[in-house]
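Please read the structure below before turning to the comments.
Being a predicted model, the structure only gives us computed values, none of them experimental.
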Amino acid sequence: MVKFNRFTLDNGLRVLVHEDHTTPMAVVNILYDVGARDENPQQTGFAHLFEHLMFGGSVNIPNYDEPLQRVGGENNAFTSNDITNYYITLPSANLETAFWLESDRMLSLAFSKKSLEVQRNVVIEEFKQRYLNQPYGDVWLKLRPLVYKKHPYRWATIGESIKHIEDAKIEDVKAFFKKHYNPQNAIMVVGGDVTLEQIKELSQKWFGTIPAGEKYHRDLPQEPLQHEVRRETVTAKVPLNDVYIAFQMEGRMDKAYYANELMSDILSRGHSSRLYKALVKENQIFSGVHAYISGSIDTGMFVFEGKLLENVSIEQAEAAIWEQLEILKSTDVPADEMTKVKNKTESTMIFSEMSLLDKGMNLAWFELLGDADLLNHETEKFLEVTPADIKEQANKLFRKDNSSTLIYLAEPVN
């Protein structure tokens, strides 16, 4: 059970406080309700570019990292298709430094052409290294547009094309900041050796005078249900042939999310999972095979991925995955297998409540989903899933006309 208090400043900034006096540390986590799905289709990659720009200095603080390092703090950030999240951990005695840093960059980034050039080059380099020059690196650049035809999930967080980052102008970047980076579009969680009164005082002092900004109302085109088989085959410089099969699934707030998550664990979590036992160990079709879900707020993806052993045909590999799905569709998961997978999920949840930073991130995420207290009821929602729920979901999702298959063929070696 993660206990917390919450209050909202006049400018709309939501603040959650989790007191934990067993540690001398504190964490400040700021989640901005903006991700790659909020980008202009002609200007993708902006949310991720921004994550980098936020470390490029603000009006009163030219160097973000230096003051934080002086007080023993660490920071980082990540961008997804749904959110951008920044976090700081530091000794609680130096907490005000984190408030000073975060409020200054929320108030006003130092938009210099130099900072934009530096970060643009960093992101372009990342695009090339991680997505274009690495085996299978471009999988999300290919699989997302296969799965999504309308929704902005059709491009990856890095962006649809390197050109969008190359062409980013300072005025476009400023407009993106003004639209999304304001108090009423943010959730701040402060945890650790702190008190509610102290955080109320610091929040008012450092964030209270930041203008609320205009409220951004999200109106995204939703993805229609899929009713067609989709396939794409590419030949690339990869070590092994690789198969990806993605199925459209419900969004994060749908009740079915919990059955889907457990189903991916039954299939692929650990060496006792079905796919590993049947397709890696016994039948030796794949060198590795995985099932996982995207957990996106809007329509998600249930993905299977397997690298084929030499001399195994693509047809054989696909048929082996479908055979496992048919078993899930036609027979109930045995009670002991259900119990084992639920126990693993429960221990993961308990473990995530031990780390102060994880608690901070999770409280912010569930507050965005509707209420931070949902975090305290996650485990029971997993425990409520029945074998019948799993079977129902398997039949609903794992249909040929709900599948998008991407095949990587290794270029023949001359």
Side-chain angles (χ1 to χ4, degrees), residues 35-39 41 44 80-82 136 138-161 218-234 241-268 274-275 289-306 314-315 317-330 369 385 388-409:
R37 64 175 177 162
D38 298 302
E39 294 163 348
T44 65
S80 75
N81 293 75
D82 291 317
Y136 320 104
D138 58 355
V139 60
W140 299 112
L141 305 181
K142 296 185 183 303
L143 194 54
R144 280 187 174 277
L146 200 59
V147 176
Y148 296 103
K149 299 302 177 189
K150 287 272 191 315
H151 194 286
Y153 285 159
R154 64 184 183 274
W155 55 83
T157 314
I158 194 78
E160 191 173 54
S161 144
R218 190 177 274 112
D219 183 20
L220 303 178
Q222 291 304 303
E223 190 63 23
L225 290 172
Q226 186 175 334
H227 295 294
E228 59 178 9
V229 177
R230 296 174 188 162
R231 287 186 75 83
E232 190 181 328
T233 302
V234 293
N241 292 344
D242 199 357
V243 173
Y244 286 85
I245 308 175
F247 298 89
Q248 192 187 92
M249 65 169 256
E250 300 84 353
R252 180 61 182 80
M253 292 310 290
D254 195 287
K255 185 175 178 283
Y257 166 83
Y258 299 95
N260 291 338
E261 176 75 271
L262 285 179
M263 195 151 61
S264 73
D265 285 352
I266 288 165
L267 288 162
S268 156
R274 293 186 177 194
L275 295 182
V289 63
H290 306 281
Y292 47 88
I293 64 175
S294 63
S296 312
I297 289 177
D298 295 327
T299 302
M301 288 184 284
F302 198 124
V303 184
F304 292 83
E305 187 246 320
I314 295 291
E315 293 75 19
E318 278 188 75
I321 290 175
W322 278 99
E323 190 182 328
Q324 289 301 313
L325 300 187
E326 290 306 325
I327 294 169
L328 210 49
K329 286 159 76 170
S330 58
L369 294 179
V385 175
D389 295 331
I390 299 276
K391 199 183 201 175
E392 185 186 338
Q393 274 307 107
N395 279 285
K396 187 178 172 188
L397 300 190
F398 303 141
R399 313 182 324 266
K400 286 281 197 313
D401 68 350
N402 188 37
S403 70
S404 299
T405 305
L406 174 65
I407 307 289
Y408 276 88
L409 294 177

Please check if the distance between the ring centroids of F398 and F302 is under 6.0 Å.
-> yes
- prompt: Is R230 paired with E232 through a side-chain N to carboxylate O contact shorter than 4.0 Å?
  reply: no
Sorted by chain and number, sequence neighbours left out, side chain to side chain contact (heavy atoms under 4.5 Å, CB included) with R37 holds for D33, D82, H151, P152, Y153, R218, L220, I297, D298
Checklist entry - Sub-3.5 Å donor-acceptor pair from the side chain of S264 to the main-chain atoms of E261, do we have one? => result yes
So the salt bridge (Lys or Arg N to Asp or Glu O under 4.0 Å) pairs with at least one residue in residues 318-327 (sequence neighbours excluded) are R231-E318, E326-K329
Apply side chain to side chain contact (heavy atoms under 4.5 Å, CB included) to residues V234 and L409 and explain how you reach the verdict.
CA-CA 6 Å; V234 293; L409 294 177; over 6 Å; no
- Is W322 close to F304 at the side-chain level, that is, under 4.5 Å between some pair of heavy atoms? no
Residue set satisfying side-chain hydrogen bond (donor to acceptor under 3.5 Å, both in side chains) with S268, at least two apart, ordered chain then number -> none
Exactly one of V139, D242, V303 clears side chain to side chain contact (heavy atoms under 4.5 Å, CB included) with L406, and that residue is V139
Derivation of the side chain to side chain contact (heavy atoms under 4.5 Å, CB included) call for M253 and L369: CA-CA 7 Å; M253 292 310 290; L369 294 179; 3.7 Å; yes
Give a yes or no answer on whether the side chain of T44 reaches the backbone of E160 with a donor-acceptor pair at less than 3.5 Å.
yes
When every non-hydrogen atom of S403 is compared with those of F247, the smallest separation belongs to CB-CE2, 3.6 Å
Between the NZ atom in K391 and the CD1 atom in I327, the distance rounded to the nearest 0.5 Å is 13.0 Å
Exercise. Between the side chain of W155 and the main-chain N/O of A36, is any donor-acceptor distance below 3.5 Å?
Worked result: yes
Output for pair (I158 CD1, L141 CG), nearest 0.5 Å, gives 8.5 Å
Applying ring-ring contact (aromatic ring centres under 6.0 Å, His included) to Y136 and not counting sequence neighbours gives Y408
In short, salt bridge (Lys or Arg N to Asp or Glu O under 4.0 Å) pairs touching residues 139-157 with sequence neighbours left out are D138-K142
Contacts satisfying salt bridge (Lys or Arg N to Asp or Glu O under 4.0 Å) that involve residues 247-260 (not counting sequence neighbours) are E250-K396, R252-E378
| Residue pair I293 / M263, side-chain heavy-atom distance below 4.5 Å | no
Begin with the C-alpha distance, continue with both residues' side-chain angles, and end with the deciding distance and a verdict on side chain to side chain contact (heavy atoms under 4.5 Å, CB included) for I314 and N241. CA-CA 8 Å; I314 295 291; N241 292 344; 4.1 Å; yes
State whether the side chain of Q226 and the backbone N or O of E228 hold a donor-acceptor pair below 3.5 Å, judged by distance alone. yes
To the nearest 0.5 Å, atom OH of Y258 lies from atom CG of D389 at 13.0 Å
Nearest heavy-atom approach of L267 to A291 is CB-CB, 4.2 Å
The reported gap from CG in N395 to CG in L328 (rounded to nearest 0.5 angstrom) is 8.5 Å
Just wondering, do I266 and I390 contact through their side chains at under 4.5 Å, heavy atoms? yes
Taken to the nearest 0.5 Å, the spacing of R399 CZ from H227 NE2 works out to 6.5 Å
Value for CD1 (I245) from CG (N402), rounded to nearest 0.5 Å, stands at 12.0 Å
Report task. Verify the distance criterion only: is there a donor paired with an acceptor across the side chains of N260 and Q393 at less than 3.5 Å? Result -> yes
| Is it true that a side-chain atom of S294 and a backbone atom of M301 form a donor plus acceptor pair closer than 3.5 Å? | yes
